[in-house]
Amino acid sequence: MQNSFKYSAEVLTSLRAGKAVLALESTIVAHGMPYPENLEFAQEAEELAREIGATPATVAILDGEVCIGLDGDQLHKLATDPSVGKVAIREIGLTLANQGNGATTVSATMRLSHLAGLKVFATGGIGGVHRGAEQDFDVSADLIELSRTPVMVISAGAKAILDLPKTLEYLETMSVPVIGYQTDEFPAFYSRRSGLPIPQRVDAVEVIARTFTQQLNLSIKSGLLIANPVPAEIEISFDEMSVHIGNALSDARRQGIIGKALTPYLLGRIVELTEGRSLVTNRALALNNVKLGAEIAGIMSELA
Ligand code: PSU
Ligand code: MN
């Protein structure tokens, strides 16, 4: 544990008692969904984790402090305050130095969770290799962090706006284990299927928990990426999404949107193009990951 961090009372109690804690990120709230759906999602995610028996630890930087677990006012600030920046690993230092506010991405949440003593983290979909990366080199810091920080990340695959085959190749090169939960295919965020085979499949949560425990016992420093497909009743087909994603990418290109602004722009544009349906699916897939993450965190705490 890290003394300089500000832990919520419930997280502190759970950590001291060796009980299950599930880390949650904050960029999905501040930059991944519009208000008020983002706040509703954040509250629902925390409640769902508690129902399953894991204490939620939403990670963010507020007033220059790393917060592990937030109260209702802090969640509200994240969801509404435009001064809350998007903080990946490389922005952590300056945000703290400026006494600033930041929503943490998958990369920053992984690192801060690890320092805080948390092992399991649920998000929506990770960042990855962007389409056209052979030209502009846009590769998410999430992939780098997965290769060097031992935290399990529960995702619905990588976001479909990305180049999924290149993302899988990159994960392989960087020695990041990828496990499909009850699937042989890498899920494509909004859709259950991408047509891309996944290297390893596991059907039982106990095996996932034991797999990560083995990695930790051997001091393997990479994370473990769990790919958990969106529930069938709420998915949007890969073919339908491909059209919207193509249109959103052209709009981004026309407007010259690049760098850290690209992913939030694309997610927002796709919500518009699907008349809100992608937002319903994004919320459902992220909650589905919280559910699985909370179950795994529970088993991990018993194994420890
Ligand atoms: N999952 C979602 N919505 C999001 C994200 C994940 O359902 O907004 C965020 C995560 O914080 C992830 C970030 O780290 O998108 C990726 O941003 P980039 O492509 O700039 O690395
Ligand atoms: Mn990028």
Side-chain angles (χ1 to χ4, degrees), residues 1-17 19-89 91-124 151 153-154 260 264 267-268 279 282-283 286-287 289-291 293-294 297:
M1 282 179 66
Q2 195 82 4
N3 284 334
S4 62
F5 290 3
K6 191 170 170 188
Y7 294 82
S8 69
E10 60 172 349
V11 168
L12 204 53
T13 306
S14 291
L15 280 177
R16 287 195 174 134
K19 293 208 176 122
V21 181
L22 178 67
L24 301 168
E25 56 138 324
S26 42
T27 291
I28 187 173
V29 178
H31 304 281
M33 295 181 188
Y35 179 82
E37 286 88 349
N38 59 350
L39 181 57
E40 287 161 17
F41 162 75
Q43 291 164 338
E44 238 179 304
E46 295 208 341
E47 213 35 62
L48 179 60
R50 283 188 198 101
E51 271 166 33
I52 299 169
T55 303
T58 303
V59 175
I61 297 176
L62 293 172
D63 301 319
E65 273 187 308
V66 173
C67 298
I68 309 290
L70 305 179
D71 64 25
D73 289 346
Q74 290 173 316
L75 276 186
H76 187 267
K77 184 182 175 79
L78 265 184
T80 55
D81 187 337
S83 80
V84 177
K86 177 178 166 188
V87 172
I89 290 281
E91 285 105 2
I92 292 176
L94 185 58
T95 306
L96 291 173
N98 282 340
Q99 301 287 309
N101 299 311
T104 51
T105 66
V106 168
S107 68
T109 306
M110 281 184 78
R111 181 71 66 91
L112 297 174
S113 297
H114 176 58
L115 292 169
L118 312 183
K119 295 179 181 140
V120 187
F121 158 35
T123 179
V151 168
V153 179
I154 321 292
K260 66 191 269 190
L267 291 175
L279 182 56
N282 194 349
R283 179 163 153 174
L287 290 173
N289 294 336
V290 169
K291 178 169 172 283

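All residue numbers in this chain count up from 1 along the given sequence. Any value given below was found using the heavy atoms of this structure, including those in side chains, with hydrogens, waters and symmetry copies removed.
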key: Listed partners of Ala286 passing side-chain contact (heavy atoms from CB on, under 4.5 Å), at least two apart   = Ile28, Phe41

query = Which pair of non-hydrogen atoms, one from Ile92 and one from Ala108, has the smallest distance, and what is that distance?
reply = CD1-CB, 3.9 Å

query = Got a sec, which residues hit side-chain hydrogen bond (donor to acceptor under 3.5 Å, both in side chains) with Thr27, two or more places apart in sequence or on another chain?
reply = none

message = So, using side-chain contact (heavy atoms from CB on, under 4.5 Å) as the criterion, who are the partners of Lys260 when residues are at least two apart?
response = Lys86, Glu91

request  = Output, in order, the C-alpha distance, side-chain angles, deciding distance and verdict of side chain to side chain contact (heavy atoms under 4.5 Å, CB included) for Tyr35 and His76.
outcome  = CA-CA 10 Å; Tyr35 179 82; His76 187 267; 4.1 Å; yes

ask   = Is there a donor-acceptor contact under 3.5 Å from the side chain of Ser14 to the main chain of Thr55?
value = no

task = Write down the atom of Val11, the atom of Ala57, and the distance for their closest heavy-atom approach.
result = CG2-CB, 3.8 Å

note = Rounding to 0.5 Å, atoms CZ (Phe5) and CD1 (Ile61) come to a distance of 8.5 Å

For residues 63-71, please give each side-chain donor-acceptor pair under 3.5 Å, one per line with the distance, not counting sequence neighbours.
{"residue": "Asp71", "atom": "OD1", "partner": "Asp73", "partner atom": "N", "Å": "3.1"}
{"residue": "Asp71", "atom": "OD1", "partner": "Gln74", "partner atom": "N", "Å": "2.8"}

ask   = Would you say Asn289's side chain and Gly124's backbone share a donor-acceptor pair under 3.5 angstrom?
value = yes

message = Could you check whether any side-chain N or O of Thr95 sits under 3.5 Å from a backbone N or O of Gly102, counting only pairs where one atom can act as donor and the other as acceptor?
response = no

Pair Thr123-Glu25, side-chain donor/acceptor within less than 3.5 Å = yes

remark   = Note: Leu24 and Pro56 closest approach over all heavy atoms is CD1-CB, 4.0 Å

key: Atom of Gly32, atom of Asn282 and distance for their closest heavy-atom approach   = O-ND2, 4.2 Å

key: Partner set under side-chain contact (heavy atoms from CB on, under 4.5 Å) for Ala23, not counting sequence neighbours   = Ser113, Leu118, Phe121

query = Donor-acceptor pair, Asn38 side chain versus Val29 backbone, under 3.5 Å?
reply = yes

query = Does the side chain of Leu15 come within less than 4.5 Å of Val21's, by heavy atoms?
reply = yes

query = About how many Å separate CG of Leu75 and CD of Glu40, when rounded to the nearest 0.5 Å?
reply = 12.5 Å

request  = Grab the two heavy atoms, one from Ile89 and one from Ser107, that are nearest each other, plus how far apart they are.
outcome  = N-OG, 3.4 Å

message = Restricting to side-chain hydrogen bond (donor to acceptor under 3.5 Å, both in side chains), what partner residues turn up for Asp81, sequence neighbours left out?
response = Lys77, Ser83

inquiry  = According to side-chain hydrogen bond (donor to acceptor under 3.5 Å, both in side chains), does anything in residues 44-53 pair up with another residue at least two apart or in another chain? List the pairs.
reply    = Glu10-Arg50, Glu44-Arg283, Glu46-Arg50, Glu46-Thr58, Glu47-Arg50

query = Between Leu39 and Thr80, is a side chain to side chain contact (heavy atoms under 4.5 Å, CB included) present by the stated rule, with each step listed?
reply = CA-CA 8 Å; Leu39 181 57; Thr80 55; 5.7 Å; no

remark   = Residues at least two apart in sequence or cross-chain that pass side-chain contact (heavy atoms from CB on, under 4.5 Å) with Ala20, listed by chain then number, are Ala54, Ala297, Ser301

ask   = What heavy-atom pair brings Val290 and Ala45 nearest, and what distance separates the two atoms?
value = CG1-O, 3.5 Å

message = Between His114 and Thr109 (side chain of the first, backbone of the second, donor and acceptor by atom type, cut-off under 3.5 Å), is there such a pair?
response = no

